[in-house]
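Heads up, the thing below is written out as C-alpha cells.
Residue numbers count from 1 along this sequence. Just so you know, ligand 1 is whichever comes first in the structure, and atom 1 is the first atom listed for that ligand. As the structure is a prediction and not an experimental result, all values here were calculated from the model.
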Amino acid sequence: MPLSQDELKARVGRAAIDYVRPGTVIGVGTGSTVAHFIAALGAMPERVAAAVSSSERSTVALRALGIDVLDANDVEHLDIYVDGADEVDPSGYLIKGGGGALTREKIVAALAQRFVCIVDASKAVPVLGAFPLPVEVVPMAEASVRRRFAGGVLGTSGDAVLRLASDGTPYVTDNGQHILDVHGLRIADPVAFESAVNDIPGVVTVGVFAHQKADVCLLGTADGVRTITY
Ligand code: 5RP
C-alpha cells in the first residue's frame with residue numbers, strides 16, 4: 001500500500017533530527033510536517049537547549065514537551081531552522097505561508113545558519129506559483145495590493161483573494177494583519193520577485209522565500225527520504 005502524505009511528512013520530520021545538535025538553540029517552523037518534527041524533538045534523549053518558534057501553535061507544542069521557547073529578540077544566531085513549505089523548486093526557493101505564519105517564519109529563518117526544509121514529494125515543483133502565494137498585508141492596503149497583482153509583477157499577474165477564517169471573517173495573523181492568497185502566478189525569478197513584492201506599500205511579508213531559501217531539503221518519497229543540498 002502506498003504511504004500516506006502524513007506518513008511521508010512524519011518520516012521527514014523524524015529525519016530532520018539528524019541535523020539537530022543537542023544543547024544548541026534551534027529555530028522551529030509551523031505546520032503539520034513540523035508537528036512531526038516537534039514530536040521527534042521531544043523524544044531526543046539529549047535535548048536542545050531551547051527553541052525560537054515561528055508561531056503560537058508551535059510554541060504551545062514545544063512547551064507541552066518541556067522545550068524552552070525563547071523570544072527571537074534574545075537570540076543572535078540559530079544553528080538551524082527547520083520548517084515545511086508549500087512548494088519547493090529545483091534551486092531550493094520556496095513558497096511558504098499556507099499556515100499563515102510566513103512573517104515570523106522569515107524572521108526566524110533569517111537568524112539561522114542553515115535552513116532545513118522538510119516536505120513530502122507533492123511539494124516539489126519545477127516553477128513556483130501553482131500554490132496560491134500568501135502575502136501578509138496591512139488591512140488598509142488590501143485593495144491596492146490586489147490591484148498591483150492584477151496588473152502584473154515582473155511579468156506575472158494573479159488574482160489576490162482575501163483569506164478568510166472558518167467563521168467567514170478575515171483571517172488574522174499572529175501579527176494582527178491579513179493575508180491575500182494570490183492565484184495564477186508563475187514565478188520565473190524568485191529572488192527578483194520577492195524583492196519586487198516587498199517594495200509594494202502595505203506588504204508585510206511575501207511568502208516567497210528566495211533570499212532565505214532552503215540550504216537542505218529532506219523530501220519524503222515513496223522510496224524513502226531524499227536529501228537535496230543546494
Ligand atoms: C506555514 C507554512 C508551512 O510550512 C506550509 O504551509 C506547509 O505546511 P504543512 O507542513 O502542514 O504541509 O509555511 O505558514
Exercise. What protein heavy atom is closest to atom 10 (O) of ligand 1, reported as residue, atom name and distance in Å?
Worked result: Thr33 OG1, 2.6 Å
For this session: Output the list of atoms in ligand 1 that are nearer than 4.0 Å to some heavy atom of Lys9, sorted by atom number.
Result: 9 (P), 11 (O), 12 (O)
Exercise. When you look for heavy atoms under 4.0 Å from ligand 1, do you find them on the side chain of Val119, its backbone, both, or neither?
Worked result: neither
Exercise. What is the nearest protein non-hydrogen atom to atom 11 (O) of ligand 1, stated with its residue, atom name and distance?
Worked result: Ser32 OG, 2.5 Å
For this session: Can you sort out which atoms of ligand 1 are near Gly84, meaning under 4.0 Å from one of its heavy atoms?
Result: 4 (O)
Exercise. In ligand 1, which numbered atoms sit nearer than 4.0 Å to a non-hydrogen atom of Gly100?
Worked result: 14 (O)
Exercise. When clusters are formed by joining ILVMFWY residues with side-chain heavy atoms under 4.5 Å apart, either directly or through shared neighbours, do Leu65 and Val48 land in the same one?
Worked result: yes
Exercise. Can Asp223 and Thr221 be counted as having a side-chain donor-acceptor contact under 3.5 angstrom?
Worked result: no
For this session: Can you sort out which atoms of ligand 1 are near Gly97, meaning under 4.0 Å from one of its heavy atoms?
Result: 2 (C), 13 (O), 14 (O)
Problem set entry | Ring geometry between Phe193 and Phe149 (parallel below 30°, tilted from 30 to 60°, perpendicular above 60°) | tilted
Problem set entry | Ser4 side chain to Asp6 side chain, donor-acceptor N/O pair below 3.5 angstrom | no
For this session: May I ask you to establish whether Lys106 and Phe209 are in a cation-pi arrangement, using a distance under 6.0 Å from NZ or CZ to the six-membered ring centre and at most 45° from the ring axis?
Result: yes
For this session: Check ligand 1 against Asp83 and write out every atom of the ligand that is under 4.0 Å from a heavy-atom position of the residue.
Result: 4 (O)
Exercise. Which one of Lys96, Lys106, Glu105 has a non-hydrogen atom at the shortest distance from atom 1 (C) of ligand 1?
Worked result: Glu105
Problem set entry | Leu62 to Ala51 - nearest heavy-atom pair and separation | CD1-CB, 4.0 Å
Name the atoms and distances for all side-chain donor-acceptor pairs under 3.5 Å in residues 183-190, with sequence neighbours left out.
| residue | atom | partner | partner atom | Å |
| --- | --- | --- | --- | --- |
| Asp189 | OD1 | Val191 | N | 3.4 |
| Asp189 | OD1 | Ala192 | N | 3.2 |

Exercise. Rounded to the nearest 0.5 Å, how far apart are CG of Leu8 and NE2 of His36?
Worked result: 10.0 Å
Exercise. For ligand 1, which atoms have a heavy atom of Ala101 less than 4.0 angstrom away?
Worked result: 14 (O)
Problem set entry | Residue selection (non-hydrogen contact nearest atom 7 (C) of ligand 1) among Gly99, Gly31, Ala85, Gly98 | Ala85
Exercise. Can you list the atoms of ligand 1 that are under 4.0 Å from a heavy atom of Thr30?
Worked result: 1 (C), 2 (C), 3 (C), 4 (O)
For this session: Answer yes or no: is there an ion pair linking Lys96 with Asp83, defined by an N-O contact shorter than 4.0 Å?
Result: yes
Exercise. Tell me: protein heavy atom nearest atom 6 (O) of ligand 1, and distance?
Worked result: Asp86 OD1, 2.7 Å
